[in-house]
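Throughout, residue positions are numbered sequentially from 1 according to the sequence presented.
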Amino acid sequence: AQNIKNPRAKRTKAIKQINRDVPIAITGTPFENHMTDIWSIVDFVMPGFLGNLNQFEMFFEDDLDSAVRLEKLITPLILRRRVKDVAKDLPERVDIPQPIIMTDEEAMLYEDSRQAEEPLDELKNMQLAKIQRLRTFCTHPCVYDSDYAVEDPSSISNKYQRLCEILEEIFEKGEKVVIFTSFKKMIDMLCNDIKQRYGVYVNYIDGSVPAKERQLTIDEFGTVVGAGALVLNPKAAGAGLNITCANHAIHYNLEWNPAVEDQASARVFRRGQEKTVFVHRLYYVDTIEEIINEKIQNKRILSDNAIIGNTGSTTDQEY
């Protein structure tokens, strides 16, 4: 089900050609980006139940009212189990948003970059590459442009400075952390600087690491005594890996898709975890990252209202 949310994808269309009598779709994230995610999964389970795609898009937009109306239709079809309902042994999880204000120099450089790329009020018409450039700047000026390279990355980036403050607290306790960022240059900077700055174990997983070697990296990380850090690309290491030897997760840059972020956090907050888990989300205010954060929160609201489901008990029969 995770792979058939795009109703227009060739893979989705091919899978829906499979003969089936009693189809069951299993996913932890039925809604990620658009209401059509839900339509596509339901269309596999009960073809025609929500009309065809064009009809659905006419009646259900990506807004709260549509989510509420859709929920009444699909809840009888959804048997839902939340982690908190079935994993009673999980420790506490603390989510810590970290809105950060740029330094005056950063803000000036960012504004120059923004004007050189496209005005933010033209976001809908902005090419993806230009949006990515602004996201890159928000990770670190050195990642955006090598001309900004400095010996100490924290000297010209308030976000990196805040990251160092968090890491120092973690390492002083002898605990481990996973850091998520989707930019290769940022992964390289983090690995090099953290090892040099703190003298702790550091490793990484991104798309360049073969899938069969990723678990070996996790296993090695688990054998490290005391403090350590693992820098991960959320797309390459955001699912399927158990990293409960760490109890801190830091999202250094935000993703457009809240499900990607949630799945990444779940690498440390899962069964087998014995310590309180701390999840930090770092983002710059008054930048493209704040827009991403707002969109993430809006998607969470839509998902919470559209996907409620039932427990399968007799109390759900009112639907």
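Surrounding CG of D104 are at most 12 heavy atoms belonging to other residues, nucleotides or ligands under 6.0 Å away. Within a 6.0 Å sphere centred on CD1 of I101, other residues, nucleotides and ligands contribute 12 heavy atoms or fewer. Atom CD of E213 is surrounded by more than 12 heavy atoms from other residues, nucleotides or ligands within 6.0 Å.
Judged by distance alone, the side chain of T287 and the main-chain N or O of Y284 form a donor-acceptor pair under 3.5 Å. Proximity of a side-chain donor or acceptor of N247 to a complementary backbone N or O of T276 within less than 3.5 Å is detected. Of the possible polar contacts, none joining the N305 side chain to the A67 backbone as a donor-acceptor pair under 3.5 Å is found. Side-chain atoms of K299 come within 3.5 Å of backbone N or O of W256 as a donor-acceptor pair. For E290 (side chain) and D286 (main-chain N/O), a donor-acceptor pair under 3.5 Å exists by modelled atom type. Judged purely by atom type and a 3.5 angstrom limit, T223 uses its side chain to pair as donor or acceptor with the backbone of E220. Panel note: side chain N233, backbone K184; no donor-acceptor pair is recorded below 3.5 Å. Between the side chain of R69 and the backbone N or O of F59, at least one donor-acceptor pair lies under 3.5 Å. For D62 (side chain) and H34 (main-chain N/O), no donor-acceptor pair under 3.5 Å exists by modelled atom type. Distance alone, capped at 3.5 Å, places no donor-acceptor pair between the D43 side chain and the V45 backbone.
Side chains of P153 and R197 form a contact here, defined as non-hydrogen atoms less than 4.5 Å apart. Between Q98 and I96, some side-chain heavy-atom pair lies under the 4.5 Å cut-off. Between L190 and I179, the closest side-chain pair of non-hydrogen atoms falls below 4.5 Å. The shortest distance between side-chain heavy atoms of Y110 and I288 falls below 4.5 Å. Contact of the P258 side chain with the T29 side chain is not registered, since no non-hydrogen atoms from C-beta on lie closer than 4.5 Å. Counting heavy atoms from C-beta on, the side chains of K235 and S182 never come closer than 4.5 Å. Residues L64 and N298 fail the side-chain proximity criterion, which asks for heavy atoms closer than 4.5 Å. In this structure, the side chains of L73 and L50 come closer than 4.5 Å at one or more pairs of heavy atoms.
At a threshold of 4.0 Å, the pair K195-D193 does not count as salt-bridged, since none of the basic side-chain nitrogens sits closer than that to a carboxylate oxygen. Looking at R300 and E261, a side-chain N of the basic residue comes within less than 4.0 Å of a carboxylate O on the acidic one, giving a salt bridge.
The two atoms that bring Y201 and T217 nearest to each other are OH-O, 4.4 Å, heavy atoms only. The two residues E106 and N158 come nearest to each other via the heavy atoms OE1-N, 3.0 Å. Residues I307 and R80 come closest through the heavy atom pair O-NH1, 2.6 Å. Between I26 and A1, the closest heavy-atom pair is O-CB, 3.6 Å.
Separation of atoms CG (D37) and CD (Q2) is listed at 9.5 Å; rounding is to 0.5 Å. Note that the CG atom of N6 and the CD atom of E32 stand 11.0 Å from one another [nearest 0.5 Å]. Rounding to the nearest 0.5 Å places CH2 of W39 at 10.0 Å from CD of Q55.
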Step-by-step side-chain hydrogen bond (donor to acceptor under 3.5 Å, both in side chains) determination, N253 to T181: CA-CA 6 Å; N253 62 267; T181 180; 2.5 Å; yes
Worked verdict on L241 versus Q215 for side-chain contact (heavy atoms from CB on, under 4.5 Å): CA-CA 7 Å; L241 297 176; Q215 187 57 52; 3.7 Å; yes
Pair T12-K5, side-chain hydrogen bond (donor to acceptor under 3.5 Å, both in side chains): steps then yes or no: CA-CA 7 Å; T12 303; K5 292 177 189 172; over 6 Å; no
CA sep, side-chain torsions, deciding dist, call: S40, K16, side-chain contact (heavy atoms from CB on, under 4.5 Å): CA-CA 10 Å; S40 189; K16 290 182 179 180; 3.2 Å; yes
CA sep, side-chain torsions, deciding dist, call: F180, R281, side-chain contact (heavy atoms from CB on, under 4.5 Å): CA-CA 10 Å; F180 294 99; R281 304 174 66 251; over 6 Å; no
Steps toward side-chain hydrogen bond (donor to acceptor under 3.5 Å, both in side chains) verdict (E57, T36): CA-CA 7 Å; E57 290 180 319; T36 51; 5.1 Å; no
Working for side-chain hydrogen bond (donor to acceptor under 3.5 Å, both in side chains), residues E168 and Y198: CA-CA 8 Å; E168 187 169 345; Y198 300 106; 4.9 Å; no
Steps toward side-chain contact (heavy atoms from CB on, under 4.5 Å) verdict (C191, N203): CA-CA 7 Å; C191 289; N203 209 336; over 6 Å; no
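Not counting sequence neighbours, the partners of D63 by the side chain to side chain donor-acceptor pair (under 3.5 Å) test are S66. Taking the side-chain contact (heavy atoms from CB on, under 4.5 Å) definition, one finds that A107 meets it with M102, sequence neighbours left out. Checked against side chain to side chain donor-acceptor pair (under 3.5 Å), E165 has the following partners two or more places apart in sequence or in another chain: R162. A search for side-chain contact (heavy atoms from CB on, under 4.5 Å) contacts involving M46 returns F49, L77, not counting sequence neighbours. Every residue two or more places apart in sequence or in another chain was checked for a side chain to side chain donor-acceptor pair (under 3.5 Å) with R20, and none qualifies.
V150 and Y148 fall within a single hydrophobic cluster, where Ile, Leu, Val, Met, Phe, Trp and Tyr side chains are chained together by heavy-atom contacts under 4.5 Å.
Cation-pi geometry between K159 and Y252 is satisfied (NZ or CZ under 6.0 Å from the ring centre, within 45° of the ring normal). Relative to the ring axis of Y144, R133 places its NZ or CZ within 45° and under 6.0 Å from the centre.
Listed by first then second residue, pairs satisfying side-chain hydrogen bond (donor to acceptor under 3.5 Å, both in side chains) with a partner in residues 134-143 read Q132-R135, not counting sequence neighbours.
In this structure, H248 and H280 have parallel ring planes: the angle between them is below the 30° cut-off, well short of the 60° mark.
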